[in-house]
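The residues of the chain are indexed from 1 along the displayed sequence.
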Amino acid sequence: MPILLVDTEGTLIFYNEPAEAILGQRFEETGEIAADTWSRLFALADEQRVPILQEHRPTMMALSERRPFSRNVWMQCGNREWRHVSITALPLIGEGGQFLGAQMVFWEM
């Protein structure tokens with residue numbers, strides 16, 4: 001299952017091999033990516049194919065509101081075809097309630 005991890009600022013700090021296959025880039029090649037850059041790696045649109053602004057994407061919502069968000073969307077990575085996916089983003093809370101960032105998982109519908 002594709003998984004992405006972001007820190008409290010939204011910087012993409014890790015993504016796994018299944019995510020690499022979808023994003024078309026290996027994490028070892030990109031390393032950490034700032035929020036405004038990684039959110040442009042793939043386009044997200046709602047069920048009516050209306051583009052979703054960065055601040056309304058599930059991962060950014062989980063960061064800003066510190067609660068889980070799930071949403072079915074259309075996703076396009078690079079020039080590849082659009083995929084209908086379900087995204088769930090969860091805030092990461094550490095020991096003592098420390099906010100650490102968020103995790104996003106997604107799967108094709």
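Cluster annotation: Leu5 and Phe69 are assigned to distinct hydrophobic clusters (Ile/Leu/Val/Met/Phe/Trp/Tyr, side-chain heavy-atom contacts under 4.5 Å, transitive). In the hydrophobic clustering of this structure, Met75 groups with Leu12; members are Ile, Leu, Val, Met, Phe, Trp, Tyr whose side-chain heavy atoms approach within less than 4.5 Å, directly or through other members. Residues Leu92 and Phe27 share a single hydrophobic cluster, defined by chaining ILVMFWY side chains whose heavy atoms lie under 4.5 Å apart.
Closest of all the heavy-atom pairs between Glu20 and Glu28 is OE2-N, 4.4 Å. Closest non-hydrogen pair, Ala19 versus Leu4, comes out as CB-CD1, 4.1 Å. Closest of all the heavy-atom pairs between Met60 and Gly10 is CE-O, 4.3 Å. Between Val6 and Leu63, the shortest heavy-atom distance links the atoms CG2-CD1, 3.9 Å. Among all heavy-atom pairs drawn from Pro18 and Pro2, the shortest one is CB-N, 3.7 Å. For the residue pair Ala62 and Pro91, the shortest heavy atom distance occurs at O-CB, 3.9 Å.
Atom CZ of Phe106 sits about 14.0 Å away from atom OG of Ser70, to the nearest 0.5 Å. Note: Met61 CE to Ile52 CD1 = 10.5 Å, rounded to the nearest 0.5 Å. Rounding to the nearest 0.5 angstrom, the gap separating the NE2 atom in His56 from the OG atom in Ser64 is 8.5 Å. We find the OG1-CD distance between Thr37 and Glu32 to be 12.5 Å, quoted to the nearest 0.5 Å. For the atom pair CD of Gln54 and CG of Asp36, the computed distance is 6.5 Å after rounding to the nearest 0.5 Å. Distance OG1/Thr59 to CH2/Trp38: 4.5 Å, rounded to 0.5 Å.
Other residues, nucleotides and ligands contribute more than 12 heavy atoms inside 6.0 Å of the CD atom of Glu47. Under a cut-off of 6.0 angstrom, the local environment of CD in Glu9 is sparse, with at most 12 non-hydrogen atoms contributed by other residues, nucleotides or ligands.
Checking side-chain atoms of Glu17 against main-chain N and O of Ala21 turns up no donor-acceptor pair under 3.5 Å.
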**Message:** For Thr30 and Leu23: C-alpha separation, side-chain torsions, deciding distance, then whether side chain to side chain contact (heavy atoms under 4.5 Å, CB included) applies.
**Reply:** CA-CA 11 Å; Thr30 64; Leu23 297 174; over 6 Å; no
**Stepwise side chain to side chain contact (heavy atoms under 4.5 Å, CB included) check, Thr88 with Trp107** = CA-CA 9 Å; Thr88 297; Trp107 56 94; 3.6 Å; yes
**Request:** Kindly determine whether Phe42 and Ile22 satisfy side chain to side chain contact (heavy atoms under 4.5 Å, CB included), including the steps that lead there.
**Result:** CA-CA 10 Å; Phe42 54 91; Ile22 292 171; over 6 Å; no
**Request:** Would you check, one step at a time, whether the test side chain to side chain contact (heavy atoms under 4.5 Å, CB included) holds for Arg71 with Leu44?
**Result:** CA-CA 11 Å; Arg71 188 169 187 183; Leu44 284 188; over 6 Å; no
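Between Trp74 and His84, the ring-plane angle classifies as parallel under the 30° and 60° cut-offs.
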